[in-house]
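Following: one structure in structure tokens, then a few remarks.
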Amino acid sequence: MTTRHLYLDTSPPAYTGSRTELDKSAFHKTLPVLAVRVRPEKVGKFLKGDAMKRALLDIPKVRTVVSDPKEEGNRLVLLRMPNEGDIPPEALELIKTESNGLTEFNVNLDYNYWTADEILQSFLPEELREGAPSGFAMVGHIAHLNLNEEYLPYKYIIGQLILEKNNRVRTVVNKINSIDTQFRFFKMELLAGEPDYVVEHHESDCRFMFDFTKVYWNSRLHTEHDRLIQVFQPEEVVADVFAGVGPFAIPAGKKGCGVLANDLNPESYKYLAINAKNNRVDDTVKAFCEDGREFIQKSVSRLWEEPLPAYTGPKQSRVQEEKERRRLQRLKAEGQTVPIPPSEKQHGRRRISHFVMNLPDSAISFLDAFRGLLSGAEPALREQYSTMPMVHCHCFTREVDSRVNAEGDIRKRVEEKLGGALTSETSFHFVRSVAPNKDMYCISFRLPPEVAFGERM
Ligand SMILES: C[S@@+](CC[C@H](N)C(=O)[O-])C[C@H]1O[C@@H](n2cnc3c(N)ncnc32)[C@H](O)[C@@H]1O
């Protein structure tokens, strides 16, 4: 991007230095301008009012008023033009009556002045400028990008620029176009900064910690996470079959939901448990490390045998909790009756209301695990499921010609795997386009009773 201001060209100079490393000294530019010599007490007159509006130097990161190098205590008010003939008459009038005259001044711009994009545009060979990487995504302190092959010879310089020009960035990585087939995390190479991949990332008002090189995380799913979290009611229990480090599970727990959260990747499981603790929801969010199929099959009886604490209203802050603890301690010390905490008075939660299955590549293939989920269950447990749970299953399209086809195709694949017809309580949500011919959807359906009470797979 070239930045031009009236009279002044503030774009970086044409780069003539080395292309194997960044020669920062090559980024130097001098802009000759005029300056008004004024007594300090008169500076305000030149900055306020309309007279000087069209004459003052106004470029980002450059001060308009500087000390006069030739006369101690005096100030220079910088103008945007190098020639007197360009100064508007109303400004000239003020200069004549209120200043000590005009002088020449050099504004010096250097490497620190320009943005990473501007430096890169000047640095790259001409044929690579259009389409040059201009953005990056952030996860915690890590900036990550996905460089096209033609930019790979310049990858370390691109990394250096991102690191030096963005205060929040401590590490810059390039995602290599290969993804771990089972656990879905990206392979990446360090371009600049510290080789520290354990991040603290914030989403949906929760704090997530994880090793970005070992677990799946995708900030682009933020809206989808929020969408489903809104669907869950605080009293409900959610079973998250492919939970990752908890972007559905932890915010749902914070909302009040009981959550059984599972991931087969031991690293995801480790951070899932840490995140539940760090967000103070480890009483209601329980982590598991099992294959998704096994987790689904065990989930109903697991919750029946070990119910999750009942919902007792919005979660208190740490300060409120501490206040309540002290109040109860005082009552006890005074020999008064200590009230039973509401969570101990009420029965626990024993029914799963939602299953979440975000493993779009293969989640549908796990659906047969629902067959016979409740068959053989004792009557009291069956009674809990007079209303069947909702299943929210993410998947990719196969039929790409139109969305109508896509929905029909997804429905067919789901019904085949479930071994039963979907009810009218079925909906489709387009999540995002992941590639030109690949869309991500979420199908939400109520588990058909004849599937759950039918024969086990
Ligand atoms: C696409 S990620 C979704 C993670 C998280 N729910 C989210 O929305 O960001 C899928 C997760 O499924 C886990 N996974 C893959 N195969 C699995 C399996 N057979 N059983 C359980 N988890 C599995 C991966 O480790 C990964 O964390």
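Just so you know, residue 1 is the first one in the sequence shown, and it goes up from there. Atoms within each ligand, like the ligands themselves, are counted from 1 in listed order.
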Which of the numbered atoms in ligand 1 are below 4.0 angstrom from a heavy atom of [X]?
{"X": "D291", "answer": "18 (C), 19 (N), 20 (N)"}
{"X": "P247", "answer": "5 (C), 7 (C), 8 (O), 9 (O)"}
{"X": "Q182", "answer": "15 (C), 16 (N)"}
{"X": "A243", "answer": "5 (C), 6 (N)"}
{"X": "F366", "answer": "19 (N)"}
{"X": "E290", "answer": "20 (N), 21 (C)"}

Between [X] and [Y] (judged by ring centroids, cut-off 6.0 Å), do the two rings come close enough to count as a pair?
{"X": "Y15", "Y": "F27", "answer": "yes"}
{"X": "H144", "Y": "F212", "answer": "yes"}
{"X": "H225", "Y": "F248", "answer": "yes"}

Protein contact of [atom] - nearest heavy atom, named by residue and atom, plus distance:
{"atom": "atom 2 (S) of ligand 1", "answer": "Y216 CD2, 3.4 Å"}
{"atom": "atom 6 (N) of ligand 1", "answer": "F242 O, 2.8 Å"}
{"atom": "atom 20 (N) of ligand 1", "answer": "G292 N, 2.8 Å"}

Check each heavy atom of [X] against ligand 1 and say whether those closer than 4.0 Å belong to the side chain, the backbone, both or neither.
{"X": "F183", "result": "both"}
{"X": "F248", "result": "side chain"}
{"X": "E224", "result": "neither"}
{"X": "F295", "result": "neither"}

Where do D9 and S11 land on the side-chain hydrogen bond (donor to acceptor under 3.5 Å, both in side chains) test, with the steps shown first?
-> CA-CA 6 Å; D9 176 3; S11 57; 2.6 Å; yes
Derivation of the side chain to side chain contact (heavy atoms under 4.5 Å, CB included) call for L78 and V65 = CA-CA 6 Å; L78 305 185; V65 181; over 6 Å; no
Report yes if N262 has an N/O atom closer than 3.5 Å to an N/O atom of ligand 1; otherwise report no.
-> no
Would one find an N or O of N358, backbone or side chain, under 3.5 Å from an N or O of ligand 1?
-> yes
Under 6.0 Å from the ring centre and within 45 degrees of the ring axis: does the NZ or CZ of [X] meet both conditions for the six-membered ring of [Y]?
{"X": "R19", "Y": "Y154", "value": "no"}
{"X": "K165", "Y": "Y111", "value": "yes"}
{"X": "R302", "Y": "F295", "value": "no"}

Any heavy atom of R293 sitting closer than 4.0 Å to ligand 1?
-> no
Does N218 reach ligand 1, in the sense of a heavy atom lying below 4.0 Å from it?
-> no
With respect to atom 11 (C) of ligand 1, which of V245, L272, D263, N265 exhibits the smallest heavy-atom separation?
-> D263
Begin from the C-alpha positions of Y441 and F396 and carry the test side chain to side chain contact (heavy atoms under 4.5 Å, CB included) through to its verdict.
-> CA-CA 6 Å; Y441 272 82; F396 291 129; over 6 Å; no
Side chain to side chain contact (heavy atoms under 4.5 Å, CB included), paired with V172, selected from L145, L190, I158 | L145
Is there a side-chain contact between I119 and Y113, using heavy atoms and a 4.5 Å cut-off?
-> no
